[in-house]
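Okay, so here's the structure we're looking at.
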Number of protein chains: 2
Amino acid sequence: MKEKLEIPSCQKCGARQKSVFCSLNSDQLVQLNEEKGCDFYSKGEIIFKEGSYSKGLFCVNKGKVKLSRLGQSGKEQIVRFATAGDVMGYNSMLSKRALGASAIALEDSVVCFVPAAHFFELIKQEPEFSLKMLELTAKNWDNASKLITNMAQKTTKQRLAEMLLWLKETFGLDKDDCIDVQLSREEIANMVGTATEAVIRLLADFKKNKLISLEGKRIKLLDIHGLVMIADLVD
Amino acid sequence: MKEKLEIPSCQKCGARQKSVFCSLNSDQLVQLNEEKGCDFYSKGEIIFKEGSYSKGLFCVNKGKVKLSRLGQSGKEQIVRFATAGDVMGYNSMLSKRALGASAIALEDSVVCFVPAAHFFELIKQEPEFSLKMLELTAKNWDNASKLITNMAQKTTKQRLAEMLLWLKETFGLDKDDCIDVQLSREEIANMVGTATEAVIRLLADFKKNKLISLEGKRIKLLDIHGLVMIADLVD
DNA sequence: TCAAAAGTATGATATTTGTCAGGTATCAAT
DNA sequence: ATTGATACCTGACAAATATCATACTTTTGA
């Protein structure tokens, strides 16, 4: 499945500055570059699977990845996304528990792999790196607790509006001002926590009310303020 | 509000072994003990408040604490609990973001406070401590993503059954085999993400079906297996 | 000790949402 | 072009749950 490719160097990695590796010095980067592996995953391919154990940390060099876990009778729940510079699979390594989520490429992606041994070496050597990791996990928790609150308290419509805004933040816009990620209606439902039909109906509703425009999977946000109103406030 | 009290020593702290400070040597413990503060909070008192900034790490010495954030129009969402040995307030310190949740004492509690400067000193000095912190945040994420999935996919009844089982794990049982924590129906609703009335009705239903017994706020689990069945599977 | 307040309980009703069933559009491969 | 597969869409209905109204009970505090 996964093919070897020309390995991108950490030193020249465009995503490094916004990654957890931003504080490493050049010696450490050279070393990281030697220790790491790298693989290409085409759209839909599984990068790692919920339930297995992570033997290192994955870092997205290029592409888009969804992280999801299986809930109720096999239904997928998307818990977060990863794009260039984001790391994945470290929680399992740190907690010595099985991976809590699977990672699947949403488009053709390049993902590097840092073996656990070298990761722990970095922690030992470089307190700044520990702090970056802690900062990252702290932000993750913050997002997660917000998501828990939304899931528990908001209506499907509110959650969908919020997710659209969040997708825009996460993936940005393409040249046509559409959200720069292709998700099926089912995948959107699996983020929002509802049935596919509900998403279809609500998107049609948003379109009717000129909040968004739709062209297949491509979604353009026309009225950000309106969506914010729906997401945060009254129906 | 909060009163000073005789400060429990870290060296003799019964909860230390199961805490994030378990790997510190005796010198480090002495120092920690000198740097830390400690306060008593009576039932219902606020330990810290969502939105402010944490200047250190709180560690529960004794008692029970709920961590909750405000959602939709001021409704409380309980995101986790903390008991002896658990730490709180570190995410804000690490991410430099405002505190994402408030901490409120569920019963009379003693909570120590480690200033940020000393926390960061420990991170710098002791990689083992960094690892313990990372392990903790990793486990938190794992729990959070599970909770997100449950909130998104399970029915109220399933979530309530799961929460009862989780409360038992978190707080254990008292001498009468009741779950050793006193929560109002409203607080339970604020964990499960539903209305108070729904909790009352469902608890009555569980009682009718001999899954639990009720005596005011005291809940005894009579049929663990039955609750597991409800939580994980069919209705 | 009493009154007020807070918490608990139950019924009736309205709304939201999930489920099922059927239909159309799109795309890939033969 | 035809088929089959998959995704997308729509309507009807049933079920779950929120909301509102109203008691009852317990706790709190003056």
Side-chain angles (χ1 to χ4, degrees), chain A residues 42-44 71-77 106 149-163 181-208 212-219 230-231 233-235, chain B residues 42-45 66 71-78 104 106-108 149-163 181-208 212-219 230-231 233-235:
Chain A
S42 44
K43 181 177 176 175
Q72 267 316 64
S73 59
K75 188 179 157 100
E76 174 186 58
Q77 179 66 39
L106 285 172
T149 309
N150 285 343
M151 288 291 183
Q153 297 190 1
K154 292 193 175 180
T155 65
T156 306
K157 191 175 198 170
Q158 292 178 306
R159 296 203 305 273
L160 178 59
E162 184 145 359
M163 287 295 181
V181 64
Q182 300 256 341
L183 295 169
S184 69
R185 301 293 192 258
E186 189 181 2
E187 282 174 317
I188 296 174
N190 292 345
M191 304 169 50
V192 175
T194 187
T196 309
E197 293 95 321
V199 169
I200 290 167
R201 275 184 247 267
L202 286 168
L203 285 178
D205 180 77
F206 285 173
K207 184 181 177 180
K208 204 183 72 186
I212 62 172
S213 73
L214 292 172
E215 211 187 300
K217 291 199 203 317
R218 293 157 56 74
I219 301 171
I230 288 174
L233 306 164
V234 216
D235 209 9
Chain B
S42 44
K43 180 176 176 175
E45 259 190 288
K66 69 173 171 183
Q72 265 320 61
S73 58
K75 188 178 155 101
E76 174 185 57
Q77 179 66 41
I78 297 179
I104 296 167
L106 285 171
E107 57 181 46
D108 292 358
T149 308
N150 285 343
M151 288 293 183
Q153 297 190 1
K154 292 192 174 179
T155 65
T156 305
K157 192 175 196 170
Q158 292 177 306
R159 295 203 305 273
L160 178 60
E162 183 145 359
M163 287 294 181
V181 65
Q182 300 256 342
L183 295 169
S184 69
R185 303 292 192 258
E186 188 181 3
E187 282 174 317
I188 295 174
N190 292 344
M191 304 170 51
V192 173
T194 188
T196 309
E197 294 95 321
V199 168
I200 291 168
R201 276 184 245 267
L202 286 168
L203 285 178
D205 179 78
F206 285 173
K207 184 182 178 180
K208 205 183 71 187
I212 62 173
S213 72
L214 292 172
E215 210 186 302
K217 292 200 202 316
R218 292 158 57 74
I219 301 171
I230 288 175
L233 305 164
V234 218
D235 209 9

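Only this structure's heavy atoms are used, side chains among them; waters, hydrogens and symmetry mates stay out. Chain naming here is simple, since letters A, B, ... match the order of the sequence lines and numbering starts at 1 in each.
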Could you tabulate the donor-acceptor pairs under 3.5 Å formed by side-chain atoms of residues 184-193 of chain A, not counting sequence neighbours?
{"from": "A:S184", "atom 1": "OG", "to": "A:E186", "atom 2": "N", "distance (Å)": "3.4"}
{"from": "A:S184", "atom 1": "OG", "to": "A:E187", "atom 2": "N", "distance (Å)": "3.0"}
{"from": "A:R185", "atom 1": "NH1", "to": "A:G216", "atom 2": "O", "distance (Å)": "3.4"}
{"from": "A:R185", "atom 1": "NH2", "to": "A:G216", "atom 2": "O", "distance (Å)": "3.1"}
{"from": "A:E187", "atom 1": "OE1", "to": "A:S184", "atom 2": "N", "distance (Å)": "3.0"}
{"from": "A:E187", "atom 1": "OE2", "to": "A:K66", "atom 2": "NZ", "distance (Å)": "2.7"}
{"from": "A:N190", "atom 1": "ND2", "to": "A:E76", "atom 2": "OE1", "distance (Å)": "3.0"}
{"from": "A:N190", "atom 1": "ND2", "to": "A:E186", "atom 2": "O", "distance (Å)": "3.4"}

message = Run the side-chain contact (heavy atoms from CB on, under 4.5 Å) test against A:A152 and tell me which residues pass, sequence neighbours left out.
response = B:Q77, B:M151

message = If you only use heavy atoms from C-beta on, which nucleotide in D:dT17, C:dT10, C:dT17 is closest to the side chain of A:T194?
response = C:dT17

ask   = Just how far, in rounded Å, is C1' of D:dT6 from NZ of A:K217?
value = 9 Å

ask   = Just how far, in rounded Å, is C1' of C:dT8 from CZ of B:F206?
value = 18 Å

task = Starting at atom CD1 of A:I200, determine the distance to atom C1' of C:dT24, rounded to an integer number of angstrom.
result = 12 Å

request  = Using five pairs at either end of the helix from C:dT1-D:dA30 to C:dT30-D:dA1, determine the angle between the two local helix axes and round it to 10 degrees.
outcome  = 40°

Nearest-Å distance for atom pair CG/C1', residues B:L203 and C:dT8 = 11 Å

query = B:Q182: what forms a side-chain hydrogen bond (donor to acceptor under 3.5 Å, both in side chains) with it, not counting sequence neighbours?
reply = none

task = Whole angstrom is fine here: how far is it from CG in A:L214 over to P in C:dT26?
result = 14 Å

inquiry  = Among residues at least two apart in sequence or on other chains, which ones pass salt bridge (charged side-chain N to carboxylate O under 4.0 Å, His left out) with B:E107?
reply    = B:K64

Spatial distance of atom CZ (B:R159) from atom CG (B:L202) [nearest 0.5 Å] = 10.0 Å

key: A:R201: partners by salt bridge (charged side-chain N to carboxylate O under 4.0 Å, His left out), with sequence neighbours left out   = none

key: Nucleotide of D:dC8, C:dT17, D:dA18 approaching B:A198 most closely (side-chain heavy atoms)   = D:dA18

inquiry  = Can you confirm whether A:K75 is buried at NZ, in the sense that more than 12 heavy atoms of other residues, nucleotides or ligands lie under 6.0 Å from that atom?
reply    = yes

key: For B:K43, side-chain contact (heavy atoms from CB on, under 4.5 Å) partners two or more places apart   = B:D108

inquiry  = In this structure, how many angstroms lie between the P atom of C:dG18 and the NZ atom of A:K75, rounded?
reply    = 8 Å

key: Separation of atom NZ in A:K154 from atom P in C:dT16, rounded to whole Å   = 17 Å

key: Interatomic spacing from CG in A:L183 to CZ in A:R218 - rounded to 0.5 Å   = 13.0 Å

query = If we only count heavy atoms from C-beta on, is the A:L203 to A:L160 side-chain gap below 4.5 Å?
reply = yes

task = Heavy atoms only: give me the nearest B:K154-B:E162 pair and the separation to one decimal.
result = NZ-OE1, 2.6 Å

message = For DNA chain C, which residues of residues 183-193 of chain A approach it to below 4.0 angstrom with any heavy atom?
response = none

task = Grab the CD-P distance between A:Q158 and C:dT16 for me, whole Å please.
result = 11 Å

ask   = From D:dA7, C:dT17, D:dT10, pick the nucleotide closest to the side chain of A:A204?
value = D:dT10

key: Nucleotide-resolved protein contact map, nucleotides 20-30 of chain D, B/S/- at heavy-atom distance under 4.0 Å   = B----------

